[in-house]
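Here the structure is a predicted model, which is why all the values come from computation and not from measurement. Computed from heavy atoms alone, side chains included, the values below leave out hydrogens, waters and symmetry copies.
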Amino acid sequence: MITAVFSTALVGTPDKPSRLSRIATRLFDALVESRARSAALELRRHEAFIQDLSRRQDHSALFLDQADLLPAKI
């Protein structure tokens with residue numbers, strides 16, 4: 001993650017924000033929103049994956065018995 005630190009000496013006075021400060025603020029807000037959307041999407045995918053795993057039934061016992069003869073020679 002890239003973090004930017006803006007000094008007040010570079011940005012301008014707090015009374016009237018400079019154009020660079022407004023652009024930096026918009027950029028930072030857009031980055032935060034993008035990360036929040038990405039995290040929410042990843043959380044929804046993870047929850048769907050966990051629900052899918054809990055819905056599946058375990059059929060592994062059907063394949064444990066290998067004593068049956070195969071229908072044809074391989």
(request) Please answer whether the main-chain N or O of S21 pairs with a side-chain N or O of T25 as donor and acceptor at a distance below 3.5 Å. (result) yes
(request) Check side chain to side chain contact (heavy atoms under 4.5 Å, CB included) between R44 and all other residues, then give those that pass, not counting sequence neighbours. (result) A40, L41
(message) My understanding is that a hydrophobic cluster links ILVMFWY residues whose side chain heavy atoms are under 4.5 Å apart, including indirect links. Using that, what else belongs to the cluster containing V32?
(response) F28
(request) Can you measure from CD (E47) to CD (E42) and round to the nearest 0.5 angstrom? (result) 11.0 Å
